[in-house]
Amino acid sequence: MSHTAPAPTLKMGLPITNSKLGMWLFLGTEIMFFTAFIGTYIVLRMGSPGWPTDTNVTHIKIFWGGLNTFVLILSSYFVVVSHDALLCKQYKKSWNFMLFTLLLGFVFLGIKGYEYYGKFDHDILPGHIPESAEQAMEKAISTKVGLGAIVDARLTAMYPKQTKREDRKSENDAVTAKLKDKADATAAEKTELAAAEAINELNNEYISLKEHVRAKLSLEVPYANFDAIRKEENSASKYPVLTLEEVEHKIHELNKSKTVGPLMGGMHVSQPILYGNLFASNYFLMTGFHAIHVIVGLFMFALVLKKGSKLCVDDAYLIENIGLYWHFVDLVWIFLFPLLYII
Amino acid sequence: MSDHAVAHAADAGHEHEEHHSHGQLYFMVFWVLCGFTLMSIGADYLQMANKNILRAIILAVATSKALCVMLYFMHLKFEGAWKYLLLAPTFILAATIPLALVPDVGTHYYTVDVPQRYEYEAQEAAKKAGHAPVKVEHH
Amino acid sequence: MSTLHPSIEHADHVDHGGHGHGHHELSFIQKYVFSTDHKVIGLQFLFTTLIMLMVGGALALGVRWQLARPWEYMPIFGDLTFASDGGQISPEAYTMLFTMHATVMIFLVIIPILAGAFGNFLIPLQIGADDMAFPVLNMLSYWFMWPAIACFACALGLAPNWLNETFLQLGMEKLVVRGGLIAGAANGWTSYPLLSALEQASPSSGAAQTWWLIAVTFVGVSSMMGSVNYMTTIINMRAPGMTLFRMPLTIWSMFITAILQAFALPVLTAAGFMLVADRMLGFCFFIPSGVVVNNAAPTVGGGQPLLWQHLFWFYSHPAVYIMLLPAMGMVSDMLACMCRKPVFGYKPMVYSMAAIAGLGFIVWGHHMFTSGMNPALGMTFMVATIMIALPSAIKVFNWIGTIWGGRVQFNTVMLNCVAFVSLFIVGGLSGIFMAAVPVDIYIHDTYFIVAHFHYVLFGATLFGVFGAIQFWFPKMWGRMMNETVGKIHFVLTFIGFNCTFFPMHLLGIAGMPRRYADPYHFPYLEHLLPLNQFMTGAAILMGFAQFLLLGNFVLSIFFGPKCGRNPWNANGLEWSAPSPPGHGNFDVPPVVYHGPYEYSSPVSGDKDFLMQTEYVPLAQRKVHTGH
Amino acid sequence: MGKLWSLFFVFSAVIAVALCWFAPDWNWWFPGDGKAHSTLGGKIDDLFHLILIIVAVTFIGTQAALGYVLWRGATIKPEEKALFSHGSHSLEVIWTIVPSAVLLFIALYQLDVWAQFRIKGAIRDSHGKMVRPEPVAELTARQFEWRIRYPAKGKPLQPQPQPDDIYSVNELHIPSGRPVEVTLRTDDVQHAIFIPELRIKQDAVASLKIPVWFDALENRDYEMLCAELCGWGHYKMKAKVVARSDADFDAWKEQASAEQFDDGFRKPAEAK
Ligand code: HEA
Ligand code: HEA
Ligand code: CUA
Ligand SMILES: [Cu+2]
């Protein structure tokens, strides 16, 4: 074939570049992707009377969410400035604003991380949240996150060699018995004894609390009487029922106590949140996928920044497309913020 | 590759010759967006009694914000008619999902039989009976 | 799209044609493995999907065996996979077999063979472009199939040991597949929660179900990349003169399919993420609280199982048209060529495809009539579903109209296309029964449904694909496939197919439920055993007939008679390129002067075809004033 | 050759029609005696047959047309070119309007039956009167059996279990001859009741209580199965519906109650 001078021909299709068209179509698919999440959230929330809205309960921080909105808006603005500067052939300015955008992206993620940290700290996590007083009490004594877990952890720390909980417990009893009778105990041995006794006390408290929770009997009823009560007929209706306040009070006391207090690690009783798990599921899924999109955006910015001084007008298409993507990420947040934080 | 060729050709005429900066416009839009953000936070602080009005206001503000971003930052205001062809079906479809789900998931035709429902009813009954609402402590 | 205004451009197509973008020497890997050439990618898709067809078919034969000889020793297959049970399928294994059969057939055969293989191969060739708009993205969309295939292998229970070890060490026990092949994902291809959301509910599935979901996500990403690419290419890269209404129907169908995919698939991907989170991380989108499975502790949650069904079918109903429309387009092309006649009603064909796509988005609820959906919603879905038969009807009538008055060439291509039309009618009409809600109450989840979708999926789509393979084979390899073998394959498959699947309608009416490992211990189904055995025999016959296709395909690549550019005397742009086309496709950048179906036109003189690139002087055109 | 192929396609369509024609004789048709044993089931059957007729006409028509055009295409004269036609506007209009009328008719015609099934909460009996079904039992599905709870004799069904409730497993007892309502629940995953001869099917969904209305016209046992994949044992959720006259139903209740509350000291017969 010959290299004749390119003859003018008809360009079919739209008067925009393939990459821009492709980006817009991609954004269309992204809209559907987030619609699935947001739509799910809206309808699930509508269908769940009693959805938690109190920010004290959900540990939603409107201020930080608002700040993050501002951060994203600012970064969106910087992207357009960067694109504008590039078209005006102010390459240095363009590069700088790209850099600012990247930094703002990091700021956004930082704030998001701080918010997540708060959620983790309060155990506002899907599947972890009690939704009724009973579940809250169960959780307070659970061996995964509650008092049971604390006892286990302390025992394990003290007797790492034994593998079973029962063995650790009997080892603890043995140590207590041995050191108690010892008249000439050294200072080290004395602290060991104190520690062993503290664990023992905590364990007793734990067992008593556990049995109370299981039997649904008020703490006013001493644990020692349980065997007798079990033999009575219709025992349940005769005795007062355990309430969450009692458990809370108990844990509060244990925290204050001189002997076992230090072992408690500041444990507190989680409050029941109706539909808390569903709330947390939605919160983490939506903000999580949004954050992933932010991270992808950061990679794109890095791609542009890598060009350094080689940035030129031809890159306008690249920056424009990256900008489109980034504005979309911003748009998603513009809706997530009111939907999750305010309404 | 051919992308660039097409791009140059397509955009020849308006962007490449002499670009007039849109900086001023973008700056204004930026401030408008900030204003909207403050508005939605402010609306929350008003502690409006009627939640639905609050929701309507806040969603309206969010939509206006989204429009600003799309029209100016995403240049939709300056694009050809293809934007309608692309966006109209997308938005219709996107609206279909939640709308179609409302009669089935958002509301319930059949009785819902889950612990949360009974818990909620108990709480409401307690509220009606004049008990102080269960105080939730803030840690 | 009235907005498409052509603008003058200094095209550098000429630079691309034949020059391979300046790369003169491509290594083997660049050329055949990580190729960015749409034709190579198309063929990669074709080979992969044909192999997967074998896999899916083998799984189906496993299903059929159990239905013919329940709880009996199974030759070959049983020794290989269920040796520990004495070569006999367990109920878990049966469930796994049909789940993975459907999964492989749908996600790894039908969707990728239509959009992936033929879409890739044909789109640039038929619109006169040198390649796709985003060649690298195109390559990625193929290579994203492989993680999907690997994950599906894990979902089949075939996770390699080292992988399991790795996950154990990483502390990700929920990804460790235990129990080998019989421990595959076994919750149906629809994977309804809670069965698929709670591990205790379906203990044999374990991690396999999680892998299944991850695999679906990969398929989703792959298809999404493909569809964005196709849409961009078709909108923006058409050859000069290729206006929208001069595009072959194949291109229209691919375009509409891409739209469907782009807008429906993200929803499934999103739902998949939610279900994975529910399974692995304690989320609860689909898990209500207080559910007690296997005497385990009640679940905490708050979600709703029906939500998954909505999101799943929001994708999967449009998906059934994704699995059909491209075949419809290709069959229209082939019918016109083989009847030497323009397509009857080109524009109605286009509009009805668009209508199918549009309506296809609002009928998903017809899979949920008995699911406890709001009955009022059921009513709307039902009316929409019945009305979707209308555009399908228009298409059927237009195909018949196309054949009418034609000079019909009874070759393999034509036979497969006629089978397509004939069997699609059967499958579509059975859809009318199910679309009528009250009837669906009885018919739902019986073999009537199984009959319906095998008729549309296999009867229509796969026969269309068989025809398309034979038709475009010369363009792929520069050689022809063997006609005689093709016809034998056709006859055996057609007979085997009908004998296997037509009786399923009767089974369904007789009330035989689907997904039953052993229906015969219900007295009212006992007498259906002989019929099932007959069907299994037919299925085996049909299965072995596929070796003819495979043999014909592979051998013809090397030994088929050579052919020129246009062996069928067809009109499309692809036939003006060399066979097989080189990198960059066309040696002369094509310019289009007519629609693709000007067969037997009076202006073309003695010939009975008029290629799209052929310029007819004005004087000659005036002879005939019709078009 | 071409004529043979045309016949091949026509022939396969003929076989399909013939098979359906003879299927009822060969017992490959509706189960049991082929009749629906419930009022609404009868309506489903009527609708089915109506659609069958419409579909059969369409099927025969289209297949015949296909055979005809193929035959014509095979017999075209050697010197003749194919017909050069891009379509026909009037034909398009006809075959758009006619099917849409038929389809719209099907769509609207069935709405009432659906409404009786799910919306109206009442079934039209043979005199055209709407009868409210009586709630008789709560059916709870689980992997892989059915547990049924009935109120004690003479009492209405309560949403929550009562001390004197009667229980049965895999046997749903109902009074025959009048509409009853069964509340459907599930303890675990999704299941569905399917009573083929009554043409009843409904999923049981975790978190929902779904009422199902039907009547059994005869005093006999009906088979009941599970129609929604619920795990490996899906195929073996075999149960039966025991439909009896009011007197027999009450008698069964008394007997079941006596057996259930038998304290082991007295024989069931004495407990009464
Ligand atoms: C390619 C795939 C494909 C196609 C094209 C279709 C097409 C249609 N399908 Fe099908 N369908 C599936 C694949 C497909 N389906 C699958 C896989 C399932 C099961 C999924 C699962 O549960 O596992 C399913 C299930 C399914 C159901 C759910 C059944 C149930 O589970 O209870 C329903 C219900 O309405 C339905 C209806 C229809 C209808 C009305 C059409 C229509 O589009 C058909 C229209 C065509 C015609 C009607 C024929 C041509 C027309 C004429 C010749 C003219 C005139 C006709 C009249 C006047 C009547 N399908
Ligand atoms: C495109 C989709 C597609 C295709 C092509 C097929 C093809 C076949 N299907 Fe498919 N099937 C589905 C999609 C498909 N199916 C779906 C979606 C379901 C629903 C699943 C669910 O309920 O979740 C299903 C369910 C399903 C069932 C119901 C199971 C049940 O509910 O219990 C049955 C039963 O007979 C069945 C049988 C067959 C058979 C015999 C074939 C034959 O056509 C296959 C013929 C074989 C080949 C084409 C390949 C040739 C193979 C070889 C040459 C290898 C030979 C190897 C050995 C002998 C070792 N299928
Ligand atoms: Cu229970 Cu299937
Ligand atoms: Cu469907």
Side-chain angles (χ1 to χ4, degrees), chain B residues 50-56 58-59 62 80-139, chain D residues 111 113-122 132-143 146-151 156-162 165 167 179-193 200-214 228 230:
Chain B
N50 191 331
K51 277 272 173 200
N52 284 334
I53 296 184
L54 173 77
R55 281 175 192 159
I58 285 179
L59 282 183
W82 60 265
K83 64 190 171 198
Y84 301 112
L85 267 174
L86 175 73
L87 290 177
T90 314
F91 283 127
I92 291 173
L93 272 181
T96 308
I97 300 182
L99 283 183
L101 289 182
V102 165
D104 209 20
V105 181
T107 60
H108 298 283
Y109 185 79
Y110 297 111
T111 315
V112 179
D113 181 29
V114 290
Q116 281 109 336
R117 176 184 157 218
Y118 304 116
E119 184 80 27
Y120 175 74
E121 279 168 3
Q123 280 179 15
E124 289 296 293
K127 250 188 234 161
K128 267 226 182 92
H131 291 282
V134 186
K135 172 122 178 55
V136 184
E137 217 161 275
H138 175 38
H139 299 277
Chain D
L111 286 179
V113 182
W114 174 243
Q116 283 185 53
F117 252 103
R118 286 279 169 272
I119 299 176
K120 290 187 176 158
R132 285 217 166 264
E134 178 201 335
V136 290
E138 184 186 82
L139 184 69
T140 304
R142 60 181 313 207
Q143 286 177 332
W146 308 92
R147 296 187 174 179
I148 303 122
R149 177 171 73 84
Y150 313 83
L157 182 70
Q158 299 293 334
Q160 297 302 323
Q162 306 295 313
D165 280 346
Y167 291 86
V180 295
E181 176 183 310
V182 173
T183 309
L184 208 53
R185 290 181 69 252
T186 169
D187 270 351
D188 43 40
V189 303
Q190 211 146 315
H191 303 263
I193 57 162
I200 286 295
K201 191 176 287 137
Q202 175 61 47
D203 286 12
V205 185
S207 86
L208 293 182
K209 279 184 175 175
I210 301 178
V212 191
W213 308 305
F214 57 94
E228 186 67 60
C230 53

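Heavy atoms only: backbone and side chains are in, while hydrogens, waters and symmetry mates are out. By convention in this document, chain letters (A, B, ...) are assigned in the order of the sequence lines, proteins followed by strands, and residues within each chain are numbered from 1. Treat the numbers as computed from the prediction; the structure is a model and nothing was measured.
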Give each N or O donor-acceptor pair spanning chain B and chain D at a distance under 3.5 Å, with atom names and distance to 0.1 Å, or state none.
from	atom 1	to	atom 2	distance (Å)
Tyr109(B)	OH	Arg118(D)	O	3.3
Thr111(B)	O	Lys209(D)	N	2.9
Asp113(B)	N	Ser207(D)	O	2.8
Asp113(B)	OD2	Arg185(D)	NE	2.8
Asp113(B)	OD2	Arg185(D)	NH2	3.4

Applying side-chain contact (heavy atoms from CB on, under 4.5 Å), name anything that partners Ala94(B), two or more places apart in sequence or on another chain.
-> Ile31(A), Met32(A), Thr35(A)

With only heavy atoms counted, which part of Leu184(D) is less than 4.5 Å from chain B, the side chain, the backbone, both or neither?
-> neither

